[in-house]
Amino acid sequence: MAIQIPKTTSTISDPGSRNYTAALAVVTTLFFMWGFLTALNDILVPHLKSVFDLNYTKVMLIQFAFFSAYFVFSIPSAKVIDAIGYKRTMVLGLFTMGLGAALFIPAASVPSYPLFLTALIVLAAGITALQVAANPYVAVLGPPATASSRLNLTQAFNSLGTTIAPPLGGLLILSAAPKTMEEIRQMPADALQAFRIHEAASVKLPYLGLALALVILAILIGMFKLPAIPEATRHDGSSGPKASIWKYRHLVLGAVGIFVYVGGEVAIGSFLVNYFVQPEIGNVTLQQAARLVAFYWGGAMVGRFIGSAILQKVRTGTVLGIAAIAACVLVCTSMLTTGHVAMWSIILVGFFNSVMFPSIFTLGIAELGPLTGDGSGLMIMAIVGGAIIPVLQGALADNPSIGIHHAFILPALCYIYIVFYAFSGSKPAAATYS
């Protein structure tokens with residue numbers, strides 16, 4: 001069963017006669033929360049790398065564990081929606097996220113890197129349920145003509161969460177005076193264990209607070225009377241043969257586009273703190289680097305507002321292609337330079353990332369007719385790129401002949417593919433629905 005994305009005609013009955021502002025405001029908080037928690041991983045990467053003395057490949061298992069959940073739990077989440085509805089799925093997702101956040105406390109108490117990864121998987125499973133439920137819910141929460149506007153608004157609050165999380169997380173989690181890896185490796189076993197317990201403990205208070213906030217939010221949404229949308233979960237009752245989504249070239253190539261886009265964006269964000277502290281790049285402290293990461297995600301938020309206006313007048317493929325070319329040039333500039341030029345060029349990539357996900361998604365599901373829901377499910381599952389590409393970039397960064405500076409060649413290649421998709425691969429071929 002594929003994730004059911006409602007058609008534009010499947011909206012709440014008589015949408016023009018009711019005001020859904022309160023319901024939209026409540027659901028928008030979910031977008032903020034999962035954006036905040038997703039970007040907080042960018043702080044966990046340098047922190048746990050130091051605590052457990054991990055190389056870049058191993059520490060990128062943080063993103064692998066987190067984004068694999070999109071692939072594993074997206075279809076089960078859709079089945080849960082069919083069984084209990086959108087509202088209860090949102091509540092269940094929030095409780096699951098709360099459990100995942102709470103698991104950070106025993107993980108820090110041990111401390112145990114595998115337990116941290118387990119906590120991230122549980123947390124991401126809950127976020128996946130929210131993604132699958134909240135996106136189509138917002139789309140039908142009012143008149144079809146303003147569906148795009150509502151989604152852009154809620155996604156902007158998602159970007160607000162990703163912007164706030166890095167500096168706040170850096171302040172609460174990262175040490176103001178971290179020890180070098182040489183100092184850590186020279187510690188006796190007892191002192192090393194005490195150091196790890198002390199450093200890992202910095203995640204307890206933030207994630208305990210997040211766990212409580214998620215549980216409270218789940219209870220509030222459970223009590224709030226959200227409008228029901230039975231039309232959005234209606235299944236196609238036709239008994240005739242159904243066309244395969246795999247014959248639509250622009251959809252399959254679009255799924256690859258989502259895979260490389262999310263992978264490239266997450267890989268860049270994950271390495272920024274460690275990249276900025278390099279003497280030849282930013283030569284800043286971990287906390288200063290965490291604050292700079294906010295500009296990367298903040299650029300995406302600003303770009304989303306600007307991009308939504310431009311997309312009303314310029315062809316989607318053209319905007320996507322120009323953005324991908326700019327992002328690729330900026331990544332290459334960062335690799336070929338040092339100092340503030342290298343630092344700010346990679347930060348500016350976030351601005352051009354802003355239009356990519358909605359543009360690739362829209363182009364990928366174009367002209368699918370009754371297969372739109374199936375195509376949307378494939379695109380959502382492709383978010384698993386955020387699990388794989390950061391690990392591959394970590395392997396490049398661990399290679400002494402490449403290093404962290406030039407490991408960004410992988411995101412650059414991702415953007416080259418997106419340029420191809422924007423100008424060529426996104427064009428739908430004529431198809432007949434069966």
Report task. For atom CZ of Phe195, decide whether the heavy atoms of other residues, nucleotides or ligands shown that lie under 6.0 angstrom number more than 12. Result -> yes

Query raised in the report: Parallel, tilted or perpendicular: which describes the rings of Phe52 and Phe116, with under 30° parallel and over 60° perpendicular?
Result: perpendicular

Query raised in the report: Would Asn283 and Gln278 satisfy side-chain contact (heavy atoms from CB on, under 4.5 Å), going step by step from the backbone distance to the final call?
Result: CA-CA 5 Å; Asn283 195 28; Gln278 300 297 311; over 6 Å; no

Query raised in the report: Between Tyr56 and Gln393, do the side chains contain an N or O donor and an N or O acceptor separated by less than 3.5 Å?
Result: no

Report task. Would you confirm whether Thr316, through its side chain, and Ser359, through its main-chain N or O, come within 3.5 Å as a donor-acceptor pair? Result -> no

Query raised in the report: How about Leu117 and Phe66: do any of their side-chain heavy atoms sit closer than 4.5 Å?
Result: no

Query raised in the report: Within a strict 4.5 Å, meaning less than it, do heavy atoms of the Trp246 and Leu251 side chains meet?
Result: no

**Report entry** pair Val266-Val262: side-chain heavy atoms closer than 4.5 Å
**Finding:** yes

Requested in this report: Kindly give the heavy-atom pair with the smallest separation between Thr163 and Pro167, and that separation in Å.
Outcome: O-CD, 3.3 Å

Query raised in the report: Which residue, Leu396, Ile346, Leu413, forms the side-chain contact (heavy atoms from CB on, under 4.5 Å) with Phe408?
Result: Ile346

Query raised in the report: So, for Met356 and Ala327, which heavy atoms are closest and what is the spacing to 0.1 Å?
Result: CE-CB, 3.9 Å

Query - Sidechain-backbone polar pair: Gln287 side chain, Leu174 backbone, donor-acceptor under 3.5 Å - result: yes

Query raised in the report: Is the closest side-chain heavy-atom distance between Val45 and Val273 below 4.5 Å?
Result: no

Report task. Starting from the C-alpha separation in whole Å, work towards a yes-or-no answer on side-chain contact (heavy atoms from CB on, under 4.5 Å) for Glu199 and His47. Result -> CA-CA 8 Å; Glu199 290 298 306; His47 183 61; 4.3 Å; yes

Requested in this report: Starting at OG1 of Thr89, measure out to CD1 of Ile84 and round the result to the nearest 0.5 Å.
Outcome: 4.0 Å

Query raised in the report: From Met33 CE over to Leu30 CG, what is the distance, rounded to the nearest 0.5 angstrom?
Result: 9.0 Å

**Report entry** Within-4.5 Å side-chain heavy-atom neighbours: Lys204 and Ser109
**Finding:** yes

Query raised in the report: Does Asn55 use its side chain to pair, donor to acceptor, with the backbone of Lys58 at less than 3.5 Å?
Result: yes

Query raised in the report: Taking atom types as modelled, is there a side-chain donor on Tyr261 or Asn353 under 3.5 Å from an acceptor on the other?
Result: no

Query raised in the report: Side chain of Ser202, backbone of Ile173: donor and acceptor closer than 3.5 Å?
Result: yes

Query - Non-hydrogen side-chain atoms of Tyr113 and Thr118 separated by less than 4.5 Å - result: no

Query raised in the report: Which heavy-atom pair separates Tyr421 from Leu253 by the least distance, and what is that distance?
Result: CE1-C, 3.6 Å

Report task. Name the orientation class of the two ring planes belonging to His250 and Tyr248 (parallel below 30°, tilted from 30 to 60°, perpendicular beyond 60°). Result -> perpendicular

Query raised in the report: Quick one: are Leu120 and Phe67 in side-chain contact, heavy atoms under 4.5 Å?
Result: no

Query - Where Met301 and Ser159 come nearest, the two heavy atoms and their spacing - result: CB-CB, 3.4 Å

Query raised in the report: At their closest point, which heavy atom of Leu130 faces which heavy atom of Met90, and how far apart are they?
Result: CD2-O, 3.4 Å

Query raised in the report: How are the rings of Phe295 and Trp344 set relative to one another: parallel (under 30°), tilted (30 to 60°) or perpendicular (over 60°)?
Result: perpendicular

Query - From Ile418 atom CD1 to Ser426 atom OG, the distance as rounded to the nearest 0.5 Å - result: 12.0 Å

Requested in this report: Decide side-chain contact (heavy atoms from CB on, under 4.5 Å) for Leu44 and Tyr207; before the verdict, give the C-alpha distance in whole Å, the side-chain angles of both, and the deciding distance to 0.1 Å.
Outcome: CA-CA 11 Å; Leu44 287 177; Tyr207 277 89; 3.3 Å; yes

**Report entry** Spacing of Leu192 atom CG and Ile184 atom CD1 [to the nearest 0.5 Å]
**Finding:** 8.0 Å

Query raised in the report: Once you round to the nearest 0.5 Å, how far does CG of Leu214 lie from CH2 of Trp34?
Result: 13.0 Å

Query raised in the report: Just wondering, are more than 12 heavy atoms of other shown residues or ligands nearer than 6.0 Å to CZ in Phe64?
Result: no

Requested in this report: Could you pull out the closest heavy-atom pair between Lys49 and Asn274, with the gap in Å?
Outcome: CD-ND2, 4.0 Å

Query raised in the report: Taking C-beta and beyond as the side chain, do Met379 and Ile360 meet within less than 4.5 Å on heavy atoms?
Result: yes

Query raised in the report: Just one of Thr38, Asp42, Asn158 clears the side chain to side chain donor-acceptor pair (under 3.5 Å) bar with Trp297, so which one?
Result: Asp42

Query raised in the report: Can you list the steps and then say if Ile219 with Phe95 is a side-chain contact (heavy atoms from CB on, under 4.5 Å)?
Result: CA-CA 9 Å; Ile219 294 171; Phe95 276 123; 4.2 Å; yes

Query raised in the report: Quick one: CD1 on Ile268 to CD1 on Ile389, what's the gap to the nearest 0.5 Å?
Result: 10.5 Å

Query raised in the report: Can you tell me if Ser334 and Tyr275 form a side-chain donor-acceptor pair at under 3.5 Å?
Result: yes

